[in-house]
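Only one structure is covered here, and it is reproduced in the block below.
As a basis for the values below, the full set of heavy atoms in this structure was taken, side chains included, without hydrogen atoms, waters or symmetry mates.
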Amino acid sequence: MANKKQKAAQEPAADGKQSGLPTPEEARAQLSGANRIHFEGLGMPWAVLLGGPVQQLMPQVVGTVLQGGGTRPAWHWTRSDQEYFLMAWPKDEPVRAAVLVSGKKDEKLQPVDAFPLIQGLPNDLTVEDVVPWKQGHGADVAAVVEEGRNPMWFYDPLYERDREDLTPGVKQTFLVGGLAFSLRKALLDNLTITQGPYYEEHARKWLEEHPEAKRLDVPPLQIPLTGRHLIIPGRQFGEYQMRATVEQVEDHKLDRMDVKLLYVRFPFEEREPLLLPLYASKAVLKDYEPKEGDEIDAYVWLQGRIIDIDDPNAPVPDGFVSEPAGTEPKPEA
């Protein structure tokens with residue numbers, strides 16, 4: 001069981017204009033997600049992985065996936081008379097480019113969506129809400145990590161496959177991972193607070209313990225950040241500010257882009273830890289080389305899907321290899 005210092009927090013660390021931190025009202029709005037929006041766009045995820053102009057590179061990405069990508073049984077489904085195949089490339093990496101192709105059965109398949117596909121780790125979460133995108137075939141999904149807390153939102157690229165199982169109140173095993181929009185080694189070991197509700201509570205207790213002192217004698221409140229695990233809602237649904245400790249680092253690659261895979265966990269008091277793989281491209285990391293034991297500050301975009309039941313533990317999908325677009329994918333020899 002995690003102690004209060006270690007548990008994943010959804011509370012503001014502090015407030016104060018002089019320190020650049022939010023006011024109490026801003027902090028409450030941020031923590032509740034009051035100002036977030038459901039932004040329907042994948043430009044930023046593609047940008048951090050491609051490292052170049054997305055609009056110019058996307059035709060090449062789609063062509064590469066359709067020509068050299070593969071699929072698997074869990075990535076093929078039929079809805080009404082429409083057949084869907086998810087194609088992903090490269091086969092042997094946990095971070096991939098993916099294209100969803102669709103068409104009526106026995107007819108030519110056409111691309112209908114494209115997105116970065118990241119391999120997540122399994123976490124048992126309870127569905128709370130679903131907001132399908134008007135464009136494309138994905139959705140924003142809210143799932144409760146621990147009862148009594150605000151839900152965690154993530155983008156489900158396989159919403160068309162998962163939709164019948166995304167019933168509010170039902171617990172599902174989701175593969176959840178994060179793609180870093182920014183990531184650096186944590187800079188602060190302590191946070192100094194001189195105003196706001198947390199400081200006022202600190203001042204009240206300190207004056208009770210020092211009855212001879214005056215208000216001006218109250219020292220600043222020091223909040224230790226070392227070892228803390230923080231998850232705070234970002235600007236859009238599915239985006240989060242995080243502080244965590246790196247437990248393991250792997251090197252991967254998407255085409256010519258080097259990608260670090262960082263494994264982190266967020267402990268809770270009443271359930272198993274939330275396990276998250278975070279993917280950070282060279283374009284994001286620049287000269288920083290994350291190492292095991294590093295404490296990091298990151299801004300991430302979460303992606304999740306219901307676990308692929310045909311091979312739930314495989315970090316890399318096996319199964320099928322596709323033919324060029326316009327033909328039905330067939331089994332790998």
Side-chain angles (χ1 to χ4, degrees), residues 37-47 49-50 54-55 57-59 61-67 69-89 95-120 125 127-143 152-168 170 172-179 236-239 301-310 317 319-320 322 324-329:
I37 61 172
H38 291 283
F39 176 74
E40 297 188 8
L42 297 171
M44 189 63 178
W46 279 120
L49 286 175
L50 298 179
V54 175
Q55 290 185 339
L57 294 174
M58 281 309 298
V61 169
V62 172
T64 298
V65 174
L66 294 179
Q67 292 296 326
T71 187
R72 60 187 297 183
W75 295 351
H76 169 218
W77 68 93
T78 302
R79 187 169 299 284
S80 299
D81 61 346
Q82 200 78 2
E83 196 167 19
Y84 294 87
F85 286 90
L86 174 67
M87 312 290 294
W89 177 90
V95 54
R96 289 164 282 215
V99 175
L100 185 64
V101 297
S102 181
K104 294 186 182 299
K105 194 171 180 60
D106 300 325
E107 294 184 6
K108 186 176 181 180
L109 302 175
Q110 299 290 344
V112 295
D113 207 354
F115 42 83
L117 184 69
I118 59 179
Q119 185 68 27
L125 310 171
V127 179
E128 180 167 301
D129 195 9
V130 179
V131 179
W133 283 21
K134 295 181 178 64
Q135 303 294 327
H137 291 70
D140 291 331
V141 176
M152 179 177 68
W153 287 86
F154 52 82
Y155 172 71
D156 183 353
L158 296 187
Y159 166 68
E160 285 293 344
R161 183 200 70 175
D162 295 344
R163 59 191 304 174
E164 293 181 355
D165 296 315
L166 293 173
T167 304
V170 174
Q172 298 283 2
T173 300
F174 290 93
L175 297 174
V176 184
L179 178 63
Q236 299 166 12
F237 284 90
E239 295 180 2
W301 172 73
L302 295 183
Q303 182 183 116
R305 64 183 188 270
I306 292 178
I307 194 166
D308 301 331
I309 58 174
D310 57 331
F320 294 76
S322 69
T327 63
E328 180 177 347

Using side chain to side chain donor-acceptor pair (under 3.5 Å) as the criterion, list what pairs up with [X], not counting sequence neighbours.
{"X": "Glu40", "value": "none"}
{"X": "Glu239", "value": "Tyr299"}
{"X": "Thr173", "value": "Asp124"}

Q.
Going by the rule salt bridge (Lys or Arg N to Asp or Glu O under 4.0 Å), which residues pair with Asp165 if we only count those two or more places apart in sequence or in a different chain?
A. none
Q) Can you name the residues that form a salt bridge (Lys or Arg N to Asp or Glu O under 4.0 Å) with Glu160, not counting sequence neighbours? A) Arg79, Arg163
Q) Which atom names give the shortest non-hydrogen contact between Leu49 and Pro116, and what distance separates them? A) CD1-CB, 3.6 Å
Q | Residues forming a ring-ring contact (aromatic ring centres under 6.0 Å, His included) with Trp133, sequence neighbours excluded | A | Tyr155
Q) If only atom types and distance count, is the side chain of Arg161 paired as donor or acceptor with the main-chain N or O of Ile306 below 3.5 Å? A) yes
Q: Without swapping roles, check the side chain of Asp113 against the backbone of His137 for a donor-acceptor pair under 3.5 Å.
A: yes
Counting C-beta onward and ignoring hydrogens, is there a side-chain heavy-atom pair between [X] and [Y] closer than 4.5 Å?
{"X": "Phe115", "Y": "Pro45", "answer": "no"}
{"X": "Asp140", "Y": "Asp129", "answer": "no"}
{"X": "Trp75", "Y": "Leu100", "answer": "no"}
{"X": "Phe174", "Y": "Asp162", "answer": "no"}
{"X": "Glu83", "Y": "Lys104", "answer": "no"}

**Q.** Derivation of the side chain to side chain contact (heavy atoms under 4.5 Å, CB included) call for Asp156 and Val130
**A.** CA-CA 10 Å; Asp156 183 353; Val130 179; over 6 Å; no
How far does [atom1] of [X] sit from [atom2] of [Y], to the nearest 0.5 angstrom?
{"X": "Met87", "Y": "Arg96", "atom1": "CE", "atom2": "CZ", "answer": "12.5 Å"}
{"X": "Leu175", "Y": "Ile307", "atom1": "CG", "atom2": "CD1", "answer": "4.5 Å"}
{"X": "Met152", "Y": "Leu302", "atom1": "CE", "atom2": "CG", "answer": "6.0 Å"}
{"X": "Phe154", "Y": "Phe237", "atom1": "CZ", "atom2": "CZ", "answer": "13.5 Å"}
{"X": "Ser102", "Y": "Glu107", "atom1": "OG", "atom2": "CD", "answer": "10.5 Å"}
{"X": "Leu179", "Y": "Met44", "atom1": "CG", "atom2": "CE", "answer": "9.0 Å"}

Q.
Applying side chain to side chain contact (heavy atoms under 4.5 Å, CB included) to Leu42 and Trp301, what does each step give before you reach the verdict?
A. CA-CA 10 Å; Leu42 297 171; Trp301 172 73; 3.6 Å; yes
Q.
Walk me through whether Trp153 and Gln236 qualify under side chain to side chain contact (heavy atoms under 4.5 Å, CB included).
A. CA-CA 9 Å; Trp153 287 86; Gln236 299 166 12; over 6 Å; no
Q: Please report the C-alpha distance between Leu117 and Gln303 in whole Å, then the side-chain angles of each, then the deciding distance to 0.1 Å, and finally whether the side chain to side chain contact (heavy atoms under 4.5 Å, CB included) criterion is met.
A: CA-CA 8 Å; Leu117 184 69; Gln303 182 183 116; 3.6 Å; yes
